[in-house]
Engineer: 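Quick one: the structure is below, questions incoming.
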Amino acid sequence: METRLLFVRHGESVHKTAGVVGGPDGCQGLTEAGRGQARRLAERLREEVAGPVAVYSSVLRRAVETAEPIAAAFAAVPEQHCGLCTWHTPSYADGMPVREFLTAHAVPGGGVYRPSQEGNETWAELVARVGRAILDIAHLHRGGTAILVGHAETVECSFHALAAQPLDRAFDLAVAPVSVTEWTTGGDPTAWPAPRWTLRRCNDVR
């Protein structure tokens, strides 16, 4: 009974090309190129993945717009899950130039357990939130397949939630737009001791 999770980073987004913080208001969805990327990825996944598929996305517009054609390819109804979001940045920063947020609002001594910007999540808080969402979805779809459309941080958190990597990883991870990272396990996803997961592919942009 194999559980299969496919993590997809959203397509090229307006906020990224504009260099602004893309919170609920600052996110203006995908660029035209990003929408084309999402459509092509949906076609590709439909050829690669068989059987019923559940599709989830973060609540941010760029992830929702990426998930829509993927869900349509599987005749599925996409479900939004705030746990899959990138940083829960403070409302004052939403739409602010990223450079300004990272410099003018930097917190001295920020790190894994302290925020690096005023009012921002810590990395530990983000990993706990996203990790919980990943395992909740794995539990709901044990023995099945789920596609999780989120952000670079969503994919990074899969290494903590499924591969027991420490919060302060010894390596960096490249996560390209509309890339696919796939994990599978033959065990109960939420059993304790935790089952071993297999990384089938990472940052796959074929």
Side-chain angles (χ1 to χ4, degrees), residues 5-49 53-102 105 117 119-121 123 125-127 129-130 132-134 136-137 145-158 173-182 202-206:
L5 301 181
L6 290 90
F7 292 81
V8 172
R9 185 186 175 189
H10 61 79
E12 182 186 86
S13 60
V14 174
H15 95 285
K16 193 72 172 179
T17 57
V20 300
V21 176
D25 297 321
C27 179
Q28 298 300 309
L30 300 177
T31 64
E32 187 58 38
R35 286 190 285 273
Q37 290 172 336
R39 289 191 297 269
R40 292 191 295 275
L41 177 61
E43 294 169 0
R44 175 190 161 196
L45 290 175
R46 187 66 190 93
E47 295 176 354
E48 294 179 355
V49 182
V53 172
V55 179
Y56 290 82
S57 78
S58 87
V59 302
L60 295 173
R61 182 174 165 185
R62 55 191 181 272
V64 172
E65 291 182 358
T66 303
E68 286 171 348
I70 295 173
F74 292 98
V77 177
E79 183 173 337
Q80 296 178 27
H81 196 314
C82 190
L84 298 176
C85 285
T86 182
W87 299 94
H88 280 174
T89 49
S91 58
Y92 77 81
D94 201 357
M96 178 184 291
V98 171
R99 183 178 296 276
E100 179 183 347
F101 180 51
L102 297 181
H105 298 276
Q117 297 81 33
N120 204 8
E121 271 188 309
W123 178 246
E125 289 168 337
L126 185 151
V127 170
R129 169 174 57 82
V130 180
R132 169 67 184 271
I134 290 170
D136 281 348
I137 292 169
T145 300
I147 299 174
L148 291 70
V149 183
H151 311 266
E153 294 79 13
T154 317
V155 178
E156 288 187 77
C157 285
S158 72
L173 185 63
V175 186
V178 295
S179 62
V180 178
T181 296
E182 179 180 353
C202 180
N203 199 42
D204 179 1
V205 291
R206 285 176 295 167

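Predicted model only: the values in this text are computed from it and were never measured. Just the heavy atoms: all of them, side chains too, but no hydrogens, waters or symmetry mates, feed the values below.
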Engineer: Rounded to the nearest 0.5 Å, what separation is found between the CD atom of Q80 and the OH atom of Y56?
Structural biologist: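 If we round to the nearest 0.5 Å, Q80:CD and Y56:OH are 12.5 Å apart.
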Engineer: If you look at every heavy atom in V21 and A93, which pair is closest and at what distance?
Structural biologist: CB-O, 3.3 Å
Engineer: How about H15 and Q28: do any of their side-chain heavy atoms sit closer than 4.5 Å?
Structural biologist: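 They are not in side-chain contact.
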Engineer: Heavy atoms, side chains only, cut-off 4.5 Å: are E65 and S13 in contact?
Structural biologist: no
Engineer: Can you see which heavy atom on T31 is nearest to which on V14, and at what distance?
Structural biologist: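 Result for this residue pair: CG2-N, 3.7 Å.
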Engineer: In Å and rounded to the nearest 0.5 Å, what is the CG to CG distance from L6 to L41?
Structural biologist: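 Separation between the atoms: 9.5 Å.
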Engineer: Using a 4.5 Å cut-off on heavy atoms from C-beta on, say whether the side chain of V59 contacts that of C85.
Structural biologist: yes
Engineer: Start with the C-alpha distance between I134 and S158, add both sets of side-chain angles, then the distance that settles side chain to side chain contact (heavy atoms under 4.5 Å, CB included), and finish with yes or no.
Structural biologist: CA-CA 7 Å; I134 290 170; S158 72; 4.3 Å; yes
Engineer: Are the charged groups of E48 and R44 less than 4.0 angstrom apart, N to O?
Structural biologist: yes
Engineer: Please name the pair of heavy atoms, one in A176 and one in N203, separated by the smallest distance, quoted to 0.1 Å.
Structural biologist: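 Distance-wise, the nearest heavy atoms are N-OD1, 2.7 Å.
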Engineer: Out of curiosity, C202 SG to F7 CZ, how far, rounded to the nearest 0.5 Å?
Structural biologist: 11.0 Å
Engineer: When you compare the side chain of R129 with that of E121, does any pair of heavy atoms fall below 4.5 Å?
Structural biologist: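 The answer is yes; the side chains approach within 4.5 Å.
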Engineer: Test your reading of the model: is there a side-chain donor-acceptor pair from D25 to the backbone of D94, 3.5 Å cut-off?
Structural biologist: no
Engineer: Quick one: pull up OG1 in T66 and CZ in R9 and give me the separation to the nearest 0.5 Å.
Structural biologist: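 So the OG1 of T66 and the CZ of R9 are separated by 10.0 Å.
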Engineer: Look up atom NE2 in H88 and atom CG in N120, then write down how far apart they are to the nearest 0.5 Å.
Structural biologist: 10.5 Å
Engineer: Is the side chain of R62 donor-acceptor paired with the backbone N or O of G22 at a distance under 3.5 Å, no angle test?
Structural biologist: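 Judged by distance alone, yes, a pair lies under 3.5 Å.
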Engineer: V205 and S179: which non-hydrogen atoms are nearest, and at how many Å?
Structural biologist: CG1-CB, 3.5 Å
Engineer: Checking the side chain of D204 only, and the main-chain atoms of V180 only, is there a donor and an acceptor separated by less than 3.5 Å?
Structural biologist: no
Engineer: Is there a side-chain contact between F101 and P90, using heavy atoms and a 4.5 Å cut-off?
Structural biologist: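 In short, these two side chains touch, coming nearer than 4.5 Å.
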Engineer: Search all heavy atoms of V8 against all heavy atoms of V178 and return the closest pair with its distance.
Structural biologist: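 It is CG1-CA, 4.3 Å.
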Engineer: What distance separates L60 CG from H151 NE2, expressed to the nearest 0.5 Å?
Structural biologist: 4.5 Å
Engineer: Evaluate side chain to side chain contact (heavy atoms under 4.5 Å, CB included) for S57 paired with E68, printing each intermediate quantity in order.
Structural biologist: CA-CA 9 Å; S57 78; E68 286 171 348; over 6 Å; no
Engineer: Is the shortest side-chain N to carboxylate O distance from R35 to E32 below 4.0 Å?
Structural biologist: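 A salt bridge links R35 with E32.
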Engineer: Measuring only between side-chain heavy atoms, which start at C-beta, is Q117 closer than 4.5 Å to W87?
Structural biologist: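 In short, these two side chains do not touch, never coming nearer than 4.5 Å.
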Engineer: With no hydrogens and no angle check, is any side-chain donor or acceptor of Q37 less than 3.5 Å from a backbone partner on E12?
Structural biologist: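 Yes, because the side chain of Q37 sits within donor-acceptor range (under 3.5 Å) of the backbone of E12.
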Engineer: Quick one: does L84's side chain get under 4.5 Å of I137's, heavy atoms only?
Structural biologist: yes
Engineer: Using every non-hydrogen atom in the two residues, find where F74 and V49 come nearest and quote the distance to one decimal.
Structural biologist: CE2-O, 3.6 Å
Engineer: If we only count heavy atoms from C-beta on, is the L126 to E153 side-chain gap below 4.5 Å?
Structural biologist: yes
